[in-house]
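Beneath this line is the structure, given in structure tokens, with notes to follow.
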Amino acid sequence: MKLDSPEQHFHREKPCLKLIFTGLCLGLVCFLVIWSYMGSERSKQPPHLFQHFAKLYSSTNSSTSPADVLLKISSEDSELLTTSESLTSSESLTSSFYSEFGISLESYSNLQQTLYWAGPDRSITDVSMRTSPAYSTFIIQNLKDSYQIGEELFVTIHARDFNNKPKSYGGDFFQAKLFSSKSPNKASVFGEVVDLLNGSYSVRFLLPWVGQAQVAVRLIHSSEAVQVLKLHRDTDSDRVFFNGYFEGLGPNGARLRETVKCNVKWDKNGLERMGTGDCCCDYKDSRTEETWRCQRPQTLPCSAHVYHSMGGKEINQGINTRDETIIMIAPSKQKRSIGESKKCHPGVHSPVPAGFYLDDVWTSFVCRTRSFTTQTTTQCLKDKSIYMMGDSTMRQWFEFLLKAVPTLKQMNPHVEYQAGPLLAVDVENNIDLHWRAHGLPLRCRKTEVSNLHYVSNEIDDLTGGPHTVIVFNLGPHFTTYPLDFFTHRVLRIRKAVQDLLQRAPDTTVIIKTVNTGYKDVFGSDWYSLQLDRILRWAFQDVGVYILDVWQMTACHYNKEDIHPGPVIIKNEMDIFLSFICPE
């Protein structure tokens, strides 16, 4: 079977040491694409965290992962580095960035292995060498006329280029699901794609319902396109920019207003191009140690920074889907229990698949969940203070609860709705519900800077306890930034959560993972997947609940949207409430 429609991407020019110029046409418009790598050589600089051993990293073949390089440093091969080329020991590397967060070298190495993504092992001299969804195929292994519920289905994907030649290396980003969009089933389940590093990919599906099913495989980005995405993320992060609004009195007493560009200040990652020296106003948070930088206004002082908003970004392109094969699933001859019967508790592992949809209801393989009504939702939240922090996908939860609990009344705090903070209270049942944005960087309408708080600072300021529920997420607003910047942000939150659970261990802390639904070079699902892996890695051993919405948003039969529809939100909220009230 052929895969779905051809991928289309727009790439901006980027200076590099070795360039290959090729043309790419989208409809009637043609762009210039610059492939910024050639063979085993990389023109971009190694990630910020590898600056300590840059010489070894840059001389390593592209087939070697960053984790392999890190392991070499901590092994007997460490004599390859001289004292002037590296830190004196692996402990020094850890202490330079991670020791304050309690992260060991082994844990850091595990993260690098998790984030490693294969790439082309040869020179890319023409766009026709990239993976083609029109020529690539998938095969269902040992296809049978009928399967029993609970069995597994195995699929192999074979990638081919635009010349219909088989690919011999990995790195393509595929997504796969098994689904049925027809009544009475309306079911779906996620399939994890494993890169075999030879141009083929394997997918395993569980068959958890009775009836028909179809396999859907999509090429989100070719291996070649992923390399361009990586380059832009690591060295061109300010392609997303923000506005800073300054207001105050001028020399003659008149009210002045100035608007300038702002962005994250993050060394060695292309985010300091606004200038150096006295060019800018730097706003460093004393607790997170992160710095927000704005161009210096011509007249007003840096202290006159009052408002923030989204500035601008590039155009995005869509990806379509197509499904074909029909799978027949019959009842099992042996009695099988589908779904998890164990009570929900912190720290529980999220398997693949984490659950499945049937008749638009999610059955969890993580822990026992239930469907909540207005009455049971109100009872679950009674005497609770719920603090939601994150982006607009978390605000969807706030809005859901406002409808689900009619006695919750939203207050008017006279703020920009997109950024918050928002507040709703139920005096009768002693419920207070809070939502606020996760702080800078934030793509939003014009809002007061004073209302943009970092998540870690908010958690540090909470007392916690049995009546406190904290839930947060991070993702879409960080897709264009280097991974070490996002990792630093996540580890700050991790430390705040650990400190909170130390002083108030009966606090409920829930992490919502990253949604799927971005399908362009600006907010690609490949970017989101990397952030999702960092988030899970950071909190895997902290003793919190992790709500896996990645699978829930990736496998539903409806078209993906970064803001999922009511059916998905209802199922997410049922899991959320099951974490708070497992029985």
Side-chain angles (χ1 to χ4, degrees), residues 2-3 6-25 30-47 50 54-69 72 112-113 115-138 156-175 193-202 217-236 521 524 526-527 529-530:
K2 291 185 178 180
L3 303 187
E7 65 172 341
Q8 297 177 327
H9 302 293
F10 168 68
H11 305 300
R12 290 200 292 137
E13 297 184 17
K14 187 70 183 175
C16 55
L17 297 179
K18 290 192 176 182
L19 304 179
I20 302 172
F21 297 87
T22 56
L24 173 63
C25 295
C30 293
F31 301 99
L32 184 67
V33 179
I34 302 180
W35 301 107
S36 53
Y37 56 92
M38 192 165 182
S40 61
E41 298 180 22
R42 303 293 174 121
S43 62
K44 70 173 185 177
Q45 292 298 313
F50 294 107
K55 190 166 185 178
L56 175 62
Y57 179 72
S58 62
S59 64
T60 305
N61 186 279
S62 63
S63 62
T64 304
S65 73
D68 295 331
V69 177
K72 283 186 178 181
Q112 300 311 310
Q113 294 182 55
L115 295 177
Y116 173 66
W117 197 275
D121 59 359
R122 63 201 61 196
S123 300
I124 306 301
T125 57
D126 191 275
V127 291
S128 64
M129 296 174 67
R130 62 194 173 104
T131 305
S132 166
Y135 290 126
S136 298
T137 59
F138 66 86
T156 300
I157 304 168
H158 296 289
R160 305 179 74 89
D161 65 21
F162 277 80
N163 295 317
N164 201 16
K165 294 180 180 179
K167 302 291 288 287
S168 60
Y169 54 83
D172 296 309
F173 179 31
F174 289 98
Q175 286 185 350
V193 178
V194 177
D195 190 346
L196 302 180
L197 304 178
N198 60 3
S200 296
Y201 303 78
S202 66
V217 177
R218 291 177 296 172
L219 174 64
I220 306 302
H221 294 303
S222 68
S223 175
E224 297 76 19
V226 166
Q227 302 307 308
V228 178
L229 290 173
K230 290 169 68 175
L231 175 68
H232 279 300
R233 181 191 63 197
D234 295 339
T235 63
D236 192 25
V521 298
S524 163
W526 183 80
Y527 285 144
L529 178 60
Q530 302 288 291

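Note that this is a predicted model, so its numbers are computed, not measured.
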Could you check Phe162 against Met129 for side-chain contact (heavy atoms from CB on, under 4.5 Å), going step by step and ending with a plain yes or no?
CA-CA 6 Å; Phe162 277 80; Met129 296 174 67; over 6 Å; no
side-chain contact (heavy atoms from CB on, under 4.5 Å) evaluation trace for Arg233 with Lys230:
CA-CA 5 Å; Arg233 181 191 63 197; Lys230 290 169 68 175; 4.2 Å; yes
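Nearest heavy-atom pair across Ser222 and Arg130 is OG-CB, 3.9 Å. Summarising the geometry of Ser200 relative to Asp195, their closest heavy-atom pair is O-OD1, 4.0 Å, with the distance given to 0.1 Å. Contact detail for Leu229 and Tyr527: the closest heavy-atom pair is O-OH, 2.8 Å. Ser132 approaches Ser136 most closely through the heavy-atom pair O-OG, 2.6 Å. Contact record, Leu219 with Pro133: CD2-CD, 3.7 Å, taken as the closest heavy-atom pair.
Two residues are said to be in side-chain contact when any heavy atoms from C-beta on lie closer than 4.5 Å; Arg160 and Thr131 fail this criterion.
Using a distance-only test at 3.5 Å, with no hydrogens or angles considered, a donor-acceptor pair links the side chain of Trp117 to the main chain of Gly171. At least one donor-acceptor pair under 3.5 Å links the side chain of Thr235 to the backbone N or O of Leu231. Between the Ser123 side chain and the Thr125 main chain, no donor and acceptor come within less than 3.5 Å of each other. No donor-acceptor distance shorter than 3.5 angstrom exists from the side chain of Tyr201 to the backbone of Phe138, with no hydrogens or angles considered.
No donor-acceptor contact under 3.5 angstrom links the side chains of His158 and Thr137, judged on distance only. Side-chain atoms of Lys167 and Ser223 include no donor-acceptor pair closer than 3.5 Å.
Considering only residues two or more places apart in sequence or on other chains, Tyr169 meets the ring-ring contact (aromatic ring centres under 6.0 Å, His included) condition with none of them. Considering only residues two or more places apart in sequence or on other chains, Ser128 meets the side-chain hydrogen bond (donor to acceptor under 3.5 Å, both in side chains) condition with Asp126, Asn163. Residues meeting the side-chain hydrogen bond (donor to acceptor under 3.5 Å, both in side chains) test with Asn198, sequence neighbours left out: none.
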